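Structure record follows, encoded as structure tokens.
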Amino acid sequence: MALLRDPPFAFLWTSRVLSNVAFHMLGVAVAWQLYTLTGSALDLGLVGLVQFVPMVVLTLIVGQVADRYDRRLITTVCQIVQATAAAALTFAILGRWENKAGILTLVALVGAARAFENPSATALVSDVVARPSTARAMAWVVSANQTAQIVGPALGGFLYALGPVVAYATACGLFVLASACATLVRTRHSARVPEPVTLAAVFSGLAFIWSRPVLLGVMTLDLFAVLLGGATALLPIYARDILGTGPGGLGLLRSAPAVGALATSLFLAQHPLHRRIGRILFRAVFVFGAATVVFGISRTFVLSLAALCVLGVADVVSVVIRASLVQLRTPDRMRGRVSAVHSLFTGTSNQLGAFESGVVAALVGAVPAVLIGGLGTIAVAALWMALFPELRRIRTFEE
């Protein structure tokens, strides 16, 4: 808890909690509203796709911006942009202007803002805390996201039941509060001297990752494993058509992975991992795939919640290991660029995974889509153990 008593890190952590709560509230509200409007599983996948495209297009720009300008300012501006999008969704409903194209356009705007916010805020952690505290700080940052994934979907679902305007307006207010906290963050490091803008500098983040098998392995493992295991994109279908619950039940299902993840991240913040990092990472991915399979075949609400909770436990172990490796094995002058590529890989696995799940569900049904994803995740973990033996053998975060 000592880190949370440090004002700069406490403001950063609070900003991440508020921003992520608002983002996950939007996720539940948009998914339910869009599925109500169209009744299409493919449209649920499109929500992930329109967030994924800006992330891909902007990745190289994001890294340069995060390494050249004030990361705190970037984070603040991005949160204000997301508040504006939430406000636009609110006014669209009040004016009865809501439609599929408008909703997806605003989701794309949020995706573009998140493309800048996430790597900037992640790289900001190393500007706020001392190096020996980085792994512990990353566990706290992950706990912020998991707290948001518990509170955000549940709050979004229940507020949406009161009316979509209530959900969207609340999300807007939380984004504004998050930006206010971000402005209060004070950093330890002096201003960075930017490199000249050259083609080599633009692609230097990718080149650095390619030259480091551990970083390349850990990022691509997440990319392909979570790409296949994107069951959460289909939760509206499970909630309404398979488990027979409503928006409140959807919110609980969306929150369930974060329940296990939050408990695990808080444990790791107090008892950080020190040994056998590689083996623990692969075990976590195997468990993630197995939990996805159990969720796919479940027909009871309680078992589905339990499977998603275990999925969250496994996921957060992987997230903390990946984030700590990226922060500790990247020099500060390149941390923004490498964090941008890392965010691209993470966003690709989550958002493109949502699109993949929607497409497969539209073709073969929701249950087969989830089962294929879970089994595919297990297969990817086994393959990556052979392709990246350096990652499997890694023992500590530091080189």
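These numbers come from a predicted model, not from an experiment.
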Which residues share a salt bridge (charged side-chain N to carboxylate O under 4.0 Å, His left out) with Arg322, sequence neighbours left out: Asp222
For the pair Trp13 (side chain) and Trp140 (backbone), establish whether a donor and an acceptor sit closer than 3.5 Å, ignoring hydrogens and angles. yes
Got a second to check how far Thr292's OG1 is from Ile297's CD1, nearest 0.5 Å? 11.5 Å
Taking C-beta and beyond as the side chain, do Leu34 and Leu104 meet within less than 4.5 Å on heavy atoms? yes
Any side-chain heavy-atom pair from Val287 and Arg283 closer than 4.5 angstrom? no
Answer yes or no for Arg114 and Phe23: cation-pi contact, defined as NZ/CZ to six-membered ring centre under 6.0 Å and angle to ring axis within 45°. yes
Taking atom OH of Tyr238 and atom OG1 of Thr245, what is their separation to the nearest 0.5 Å? 15.0 Å
Ignoring hydrogens and angles, tell me if any N or O in the side chain of Ser304 forms a donor-acceptor pair with the backbone of Phe295 under 3.5 Å. no
Counting distance only, does the side-chain N/O of Ser265 pair as donor-acceptor with the main-chain N or O of Leu262 below 3.5 Å? yes
Approximate separation, where rounding is to 0.5 Å, of Thr76 OG1 and Arg71 CZ: 14.0 Å
Please report the C-alpha distance between Phe282 and Trp384 in whole Å, then the side-chain angles of each, then the deciding distance to 0.1 Å, and finally whether the ring-ring contact (aromatic ring centres under 6.0 Å, His included) criterion is met. CA-CA 9 Å; Phe282 280 108; Trp384 254 241; 9.1 Å; no
When rounded to the nearest 0.5 angstrom, what distance separates CG in Leu94 from CG in Leu89? 11.0 Å
Does Leu243 reach the side chain of Leu253, with side-chain heavy atoms less than 4.5 Å apart? yes
Taking C-beta and beyond as the side chain, do Phe288 and Ile378 meet within less than 4.5 Å on heavy atoms? no
Is Phe388 close to Leu216 at the side-chain level, that is, under 4.5 Å between some pair of heavy atoms? yes
Any ion pair linking Glu117 and Arg16 (charged N to carboxylate O, less than 4.0 Å)? yes
Please report the interatomic distance CG(Leu391) to CD1(Ile321), rounded to the nearest 0.5 Å. 9.0 Å
If we only count heavy atoms from C-beta on, is the Ser19 to Val21 side-chain gap below 4.5 Å? no
Could you report the tightest heavy-atom contact between Leu268 and Ala139, atom names first, then the distance? C-CB, 3.9 Å
Side-chain touch Gln33/Ile93, heavy atoms, less than 4.5 angstrom: yes
Heavy atoms of other groups near Arg276 CZ, more than 12 under 6.0 Å: no
Within this structure, what is the CZ-CD distance for the pair Phe175 and Gln79, rounded to the nearest 0.5 Å? 8.0 Å
Is Val218 close to Leu221 at the side-chain level, that is, under 4.5 Å between some pair of heavy atoms? no
Determine, using the 4.5 Å side-chain heavy-atom cutoff (strictly less than), whether Ile394 and Phe208 are members of one ILVMFWY cluster. yes
